[in-house]
Amino acid sequence: MVFGPDVAALSGDGVELCGSPEQVRDRVSGLEDERHPRWTWWAAAGDGRALVAHGIRPQRCWDVAEAHRVLAGGWAAGADRAWAVAAGLDVEALPRPAGGDLFDLVTTDDAGDPDSAVRPDGYLRPEALEPTWLTGPERALSLARAALQTSSRQRELLAQGGPRPVGTATSESAAALLCIELELDGLPLDRSRAEELITAAAGERPRSEEHARQLRRERDAAVLAHAPGRESTDLRNPVQVRELLASVGVVVPDTRAWRLEPYRGVHPLVDALLAWRKAERIATTYGWTWLDTHVGPDDRLRGGWTACDGAAGRMTAQNGLHNLPTPLRPAVAAHPGHVLVRADLGQIEPRVLAAVSGDRAFAEATRAADLYAPVAQALGVERAVAKVAVLAAMYGQTSGAAGEALKDLQRTYPVAMAYLERAYAEGLAGRAVRTFGGRRVPMWQLPPGLPASAVGAATAARGRFARNAVIQGAAAELFKAWVATLRLAVRDLGAEVVLCLHDEVLLHVPEEAAGEVAHLVDEVLTASARRWTGSSAVQFVADTSVIARWSDAKA
DNA sequence: GATTTCACGTA
DNA sequence: CGTACGTGAAATCC
């Protein structure tokens, strides 16, 4: 489907239609009710949003942009690029949209049928990406056909990588649609509780600009009182703060919190500064302005969502949805008549490692509710040591106390460790890696002028990135497969997904459906994990609770 | 005005 | 020599 401002079109499966967006939307709605087809669109942010904004929430879709991101990696996924890759055309030679200069005027004489989205040379017309190009129904129809054609070529290309990448593309597509819903629905908030928490952390709501400045001065004064003679220091200027600290005998290379932590006892200024920083964070980033800007009159916090970041493919969110400080979390609360069902995946990354590497011994450890217990036993070390070693192996950490246990890990779980080493080596060499689900993760190339002395560190950083990407990326794939299925499974109960946080999901649920939704969360996880891994060898576990506020469950 | 650096929140 | 992300304030670049 293609939705423009004035025209829209539908093509495929014996249906071909173009007309006004209203007409096409009605038909989409009817078809969705009849047989919920897998709708194909260039990107959820365009056509998916056009439906969701009008109350149509399709079950299944194929998002050409997301499929392209799986296939090619990286973030760029415009229709022209996705079309070119699917068609096997050179993306380096992608025609550029007309800039309105003379050169463009001269070279547009071979443009072929002006109402076709495809040029005679096989590339998608770059101007067809602009909504303004959709001046008539023929053009919309042509663009819709092109989207459908792209999707079937993408399917073929993905299928060359085995059965999984096609599945990855469908769940990524669903995640992208969910992102639109998350953005429009928002996260339920208890406004008065939010106001209390902001007041406690950042002070009362400023009544004017002058009042705001005064409050700021008061906050600053509490710190500067510890440094007589240096009251003019700007606490927001790291250089000045460093000088301030030096004046009381605290000499540090930078003023980051973890660096200052050991000096808490040395001088009361340090303590005051660190407390000030926490308050300042809430005052500037999650304070009154944030509340007024991002929380609607319906007491919902809204921000943009993306289905995959540019690196390994985790979801991202804006406006604090992904980094709300813990002290503010009590403000996230179910609205009247509802509860929150919260679930987080326990020890997701090592479990994912067991699945993607196919290490049988490590998979055996996932049968335990606490994976580190059997690992510790196998290595003959304390649980804490086993945990640090496993995490160090996955993240490429070399400092710290993991050294000896890492050797034992190699010996006990050679298949899993080899999987990580392999990714590390690929990254080191600058070659792209693929996640278990088939997402290509491109590797950046080192800048040509890089001094020889810096090359080692730079390639090692790339190796660590690759090593982490195959784990983090695969975990993101499983998570999205889970949540995409959950989205549909709970829908008839009136429940909706309202937050996704890498390994954690929050659902807003009518009170009476709480028990059933909580049950479905676990059931769907087992089914999704089985489908994703292709077996039941690796167990995934969710910690699920029914709560009123986000903070009611342990973090 | 746009980009970079520092700092810090989350997983 | 653990990764990823988003945000704001100040400094820096153009």
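Rounded to whole angstrom, the span from the NZ atom of Lys278(A) across to the P atom of dA7(B) amounts to 15 Å. Straight-line distance from the CD1 atom of Ile282(A) to the C1' atom of dT10(B): 13 Å, rounded to whole Å. Going from atom CD1 of Ile471(A) over to atom P of dA11(B) covers 20 Å, rounded to whole Å. Whole-Å rounding puts the Gln318(A) CD to dT10(B) P distance at 19 Å. Separating the CG atom of Leu235(A) from the C1' atom of dC8(B) is a distance of 16 Å, rounded to the nearest angstrom. If you measure from atom OH of Tyr286(A) to atom P of dG6(C), you get 12 Å, rounded to the nearest angstrom. The nearest whole Å value for the distance from the CD atom in Gln240(A) to the P atom in dC6(B) is 16 Å. dA9(C) atom C1' lies 9 Å from atom CG of Asp234(A), rounded to whole Å.
No side-chain heavy atom of Val70(A) sits less than 4.5 Å from a side-chain heavy atom of Arg440(A).
OP1 and OP2 of dG6(C) both lie 4.0 Å or more from every side-chain N or O belonging to Asn319(A). Contact annotation: Thr326(A) does not reach the phosphate of dG9(B) (side-chain N/O to OP1 or OP2, under 4.0 Å). Here Asn237(A) reaches the OP1 or OP2 of dA11(C): one of its side-chain N or O atoms lies under 4.0 Å away.
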(Q) Determine whether Glu477(A) and Arg164(A) satisfy the following criterion, salt bridge (charged side-chain N to carboxylate O under 4.0 Å, His left out), listing intermediate values before the conclusion. (A) CA-CA 11 Å; Glu477(A) 282 155 12; Arg164(A) 248 183 320 265; over 6 Å; no
(Q) Assess the residue pair Ser192(A) and Asp190(A) against the criterion (side-chain hydrogen bond (donor to acceptor under 3.5 Å, both in side chains)); give the C-alpha distance rounded to whole Å, side-chain angles, the decisive distance to 0.1 Å, and a yes or no. (A) CA-CA 6 Å; Ser192(A) 57; Asp190(A) 174 348; 3.2 Å; yes
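Residues Ala405(A) and Val385(A) share a closest heavy-atom pair of CB-CG1, 3.9 Å. Between Arg219(A) and Ala283(A) the shortest heavy-atom distance is NH2-CB, 3.7 Å.
Distances were taken from every side-chain heavy atom of Arg216(A) (C-beta onward) to each of dA11(B), dA7(B), dA10(C); the shortest belongs to dA10(C).
Using a 4.0 Å cut-off between a side-chain N of Lys or Arg and a carboxylate O of Asp or Glu, Arg351(A) and Asp503(A) do not qualify as a salt bridge. A salt bridge links Arg236(A) with Asp220(A): the distance from a Lys NZ or Arg NE/NH1/NH2 to an Asp or Glu carboxylate oxygen falls below 4.0 Å. The existence of a salt bridge linking Arg217(A) and Glu210(A) is confirmed by a sub-4.0 Å separation between a basic side-chain nitrogen and an acidic carboxylate oxygen.
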Close N or O pairs between protein and nucleotides 3-5 of chain C (under 3.5 Å):
| residue | atom | partner | partner atom | Å |
| --- | --- | --- | --- | --- |
| dT3(C) | OP1 | Arg464(A) | NE | 3.2 |
| dT3(C) | OP1 | Arg464(A) | NH2 | 3.2 |
| dT3(C) | O2 | Gln472(A) | NE2 | 3.3 |

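Side chains of Arg531(A) and Ser171(A): a donor-acceptor N/O pair is absent below 3.5 angstrom, by distance only.
Listed in residue order, the members of residues 252-274 of chain A having a heavy atom less than 4.0 Å from DNA chain B are Asp254(A), Thr255(A), Arg256(A), Ala257(A).
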